[in-house]
Each structure stands twice: as C-alpha cells, then as structure tokens.
Amino acid sequence: MAESVPVRCPACRREHAFSTTTYPCACGTPLTLPLLRGGVPVEIRHRSWDDSWVSMRCPDCGRQDQWPQPEFGCDCGSVIRLPVDTTALTPPGPATTALRPLSAAPSPPAVPGPPPAPRPPFRPVTIRTARDALTAAAQYLKWLGFAGVRVAGDHAANGIDLRGDDLVAQIDPTTQPTALRDIECLWLNCLNEDAVGAFFSLAGYAHDARLRADQLGVPLFVMDLTGTPQPVNDAADTLMRTGPVIP
C-alpha cells in the first residue's frame, strides 16, 4: 500500500491524509504514481482529458499506459488534483513497484487517411426484458463499428456481459442507478484484457460512479425503453464519434 501523505485542500484549507492509488499493470505488476515532493495541490474547476492522465511505462514488462492523475474529493465539495513527479522514481517497496517516466520520442508525421464512411441510422431494439437490454447494447456496439460482439460466457467470473474484438461491456438493466463498484470492475477488466470498455445502464449512474468514470475514462451510456443508448460523459461522446480505434 502506498504511503499516506498530508495534503491541504487549497479551497477550504482542510488537511487530509492521502494515499496514491495502486493500479495493476496488464502484466500483473502493481504500480504507484510517484507524487511530486513539495508540489502544490490544484482545485479542478474545468476537467480536460489531457490533464486527467499521465503516460508512464511499467518497469517490469515495458508496457506503456495512461494512468489517472491522483485526485481526491474534499468534504467542502472541491475535487483536488495532486502533481505527479515524472522525472524521479519512487523506490519499489514490498507491495508496489514504481513507474518509470516514459522517455520522450519524436512522433512520425501523421499521414491523413480517407475520411470514414458515414454510419447508417441506428435501429434500436425495444427493451421489455433484461435480455432485450443486452441485445440493444450489442446492436449499438456493432453499429459503432466493433467486430465480433457476442454475449460473454464468463459473466459469473468477472461481470462482463458482452465481448468483442478488443472490447468488453457491461449492462445494468435494473431500476437502481449503477454503483461505483460496477464502474471500477469494468475498468479493471479493460486493463487486464487491454480492451476498450463501455457501460450501459437503464437507470443512470450514482453520483460517485459518474465521477469515478470521468476519472478513469470509462464510457457511460444510458438507454431508454426504446433501446437507444445516449452518451452521458466525454469518454462516451468520444467513443460514439470515433468507434473502435484501428491500429
């Protein structure tokens, strides 16, 4: 477990004990982002994608991934971001391994490709049962361009309802807002399988679940009884516009 450090909220000046979250790399190595010593916490007023993520490389497998910037919610209602030390290494401890900063490398010039063909209108599936909700979500993911979308056979093991090529998805057909734990479960499955994730809910999402999804970049959709999914966060908007990213 990462060491707890005192952090003062810049909005209300209340002091908190903060521990950086440890995330599992796809290779299984637990990784902890090193905080910048003497860094000044910043209140988040306007969230952007670039400011919410740090690119780092796992020292064990060399895999490059984006990891959420350390943040916490103060009792005063402010969301506080802590600066990460991208130039120094945190010595690996018995339970965690530090992340090595990703060395900068020049990117090759982008070659513009042909414009994507417009999608045909989406044909929704009316939802009367939980199975209909599953079918509606599957049809929508196929419409976005994901291939091989099918009902997962291992739902009991990890909660995944749908699988596709580099895709995992969960569907909550209940009448209660989707909980925080379900969002984090999907995100961990995405990390472990190096896949894109999407969550579909009929009753919307709890407030803390929405906040966590924004922090982790999990696309959230809501569906009404006509079976038409609607994006509810920036990650879902991006997925709806771009569909699967073809390497």
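Note that the coordinates shown come from a computational prediction; the quantities given were computed from them, not determined experimentally.
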Side chain Trp143, main chain Pro120, donor-acceptor under 3.5 Å: yes

Gap separating the CD atom of Glu184 from the CG atom of Asp208, nearest 0.5 angstrom: 8.5 Å

Any Val149 side-chain heavy atom under 4.5 Å of Arg163 side chain: no

Euclidean distance, Gln230 CD relative to Asp237 CG, rounded to 0.5 Å: 10.0 Å

Enclosure of Arg8 CZ (heavy-atom neighbours >12, cutoff 6.0 Å): yes

Between CG on residue Asp234 and CG on residue Leu239, distance to nearest 0.5 Å: 12.5 Å

Heavy-atom closest contact (Pro41 atom, Ile80 atom, distance): CB-CG2, 3.5 Å

Reported CG-to-CG distance for the pair Asp166 and Asp194, which is rounded to 0.5 angstrom: 7.0 Å

ILVMFWY cluster, Val125 and Leu144 together (side-chain gap under 4.5 Å): no

Evaluation steps, side chain to side chain contact (heavy atoms under 4.5 Å, CB included), between Leu162 and Val151: CA-CA 5 Å; Leu162 295 173; Val151 176; 4.3 Å; yes

Closest contact, heavy atoms only, Ile127 versus Asp224: CD1-O, 3.6 Å

Connected via hydrophobic side-chain network under 4.5 Å: Leu141 and Met240: yes

Interatomic spacing from CE in Met223 to OH in Tyr140 - rounded to 0.5 Å: 11.0 Å

Pair Asp161-Phe200, side chain to side chain contact (heavy atoms under 4.5 Å, CB included): steps then yes or no: CA-CA 10 Å; Asp161 295 300; Phe200 298 83; over 6 Å; no

Under 3.5 Å: donor-acceptor pair, side chain of Asp132, backbone of Thr129: yes

Smallest separation among heavy atoms of Cys12 and Cys9, with atom names: N-SG, 3.5 Å

Heavy-atom side-chain proximity of Val84 to Pro70 below 4.5 angstrom: yes

Nearest heavy atoms of Pro244 and Gly145, plus distance in Å: CG-O, 3.3 Å

From CD1 (Ile171) to CG (Leu202), nearest 0.5 Å: 10.0 Å

4.5 Å side-chain heavy-atom contact, Ile183 and Leu220: yes

Asn233 side chain to Asp214 backbone, donor-acceptor under 3.5 Å: no

Within 6.0 Å of CZ in Arg150, more than 12 heavy atoms from elsewhere: yes

Side chain Arg81, main chain Glu71, donor-acceptor under 3.5 Å: no

Within one Ile-Leu-Val-Met-Phe-Trp-Tyr cluster: Leu191 and Val168, side-chain cutoff 4.5 Å: yes

Phe199 reachable from Val232 in the ILVMFWY side-chain graph, under 4.5 Å edges: yes

Leu188 reachable from Tyr205 in the ILVMFWY side-chain graph, under 4.5 Å edges: yes

Nearest non-hydrogen partners of His16 and Cys74, listed with the distance: NE2-SG, 3.2 Å

Nearest non-hydrogen partners of Ala11 and Glu43, listed with the distance: CB-OE1, 3.7 Å

